[in-house]
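The figures here come from the full heavy-atom set of this structure, side chains too, leaving out hydrogens, waters and symmetry mates. Note that the structure is a prediction, hence the values are computed from the model and not measured.
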Amino acid sequence: MKCPFCGREMAEGFLKSGRYIQFQETENGKKIEEYLVAKSYMGGAKMEGCLCPSCRKIIVDIPLVEESPRR
């Protein structure tokens with residue numbers, strides 16, 4: 001995949017974490033919303049994606065997680 005920021009080739013792989021991968025939305029330094037984007041009950045949550053070593057950007061597809069966002 002070509003990087004949408006610089007046009008160079010991206011490396012394919014996985015973004016890995018413990019049991020959960022979450023995204024926190026913030027505004028003026030305060031948490032607004034928290035989204036659960038990946039989970040694994042046995043540990044080792046991971047998401048497929050691409051990394052651009054040049055731009056230092058990661059692009060991931062967020063899998064469908066059945067839980068609603070938590071506040």
Side-chain angles (χ1 to χ4, degrees):
M1 171 180 188
K2 297 284 184 188
C3 176
F5 297 95
C6 73
R8 294 183 179 170
E9 195 62 33
M10 299 183 81
E12 294 182 24
F14 294 93
L15 179 63
K16 295 170 56 173
S17 183
R19 291 178 56 193
Y20 303 103
I21 299 175
Q22 298 173 323
F23 178 83
Q24 272 189 358
E25 180 182 359
T26 60
E27 185 176 294
N28 299 322
K30 294 184 180 183
K31 182 171 81 170
I32 299 210
E33 196 73 59
E34 188 172 79
Y35 301 90
L36 177 64
V37 293
K39 67 180 176 180
S40 173
Y41 293 112
M42 301 301 286
K46 64 182 182 178
M47 300 169 65
E48 266 187 74
C50 295
L51 175 136
C52 179
S54 179
C55 290
R56 303 184 56 84
K57 304 274 188 198
I58 296 175
I59 297 175
V60 294
D61 289 327
I62 299 171
L64 177 63
V65 177
E66 294 181 14
E67 294 181 19
S68 60
R70 293 178 280 177
R71 287 188 172 209

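The cationic atom of Lys57 (NZ for Lys, CZ for Arg) lies less than 6.0 Å from the six-membered ring centre of Phe5 and within 45° of the ring axis.
With hydrogens and angles left out, the side-chain atoms of Arg19 and Ser40 include no donor and acceptor closer than 3.5 Å. Between Tyr35 and Glu25, the side chains place a donor N or O and an acceptor N or O closer than 3.5 Å (distance only, hydrogens not considered).
You'll find the side chain of Cys50 stays beyond 4.5 Å of the side chain of Lys2, heavy atoms only.
The CD atom of Gln22 sits 7.0 Å away from the CD atom of Gln24 when rounded to the nearest 0.5 Å. From Ile32, atom CD1 reaches atom CD of Glu27 across 4.0 Å, with rounding to the nearest 0.5 Å.
Residues Met47 and Ala38 approach most closely at CG-CB, 3.7 Å, considering heavy atoms. Heavy atoms only, all atoms of each residue included: Leu15 and Ile21 are closest at O-CD1, 3.9 Å. Residue Lys31 comes nearest to Thr26 through the heavy atom pair CA-CG2, 4.2 Å, listed as atom of the first residue, atom of the second, then distance.
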Discussion item. With side-chain contact (heavy atoms from CB on, under 4.5 Å) as the criterion, how do Cys6 and Cys52 come out once you've worked through the C-alpha distance, each side chain's angles and the decisive distance to 0.1 Å?
Written reply: CA-CA 9 Å; Cys6 73; Cys52 179; 3.7 Å; yes
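Ile59 and Val37 end up in different hydrophobic clusters when Ile, Leu, Val, Met, Phe, Trp and Tyr side chains are linked at under 4.5 Å. Criterion: ILVMFWY side-chain heavy atoms under 4.5 Å apart, direct or through other members. Under it, Leu51 and Ile62 are part of a common hydrophobic cluster.
Judged purely by atom type and a 3.5 angstrom limit, Glu9 uses its side chain to pair as donor or acceptor with the backbone of Met1.
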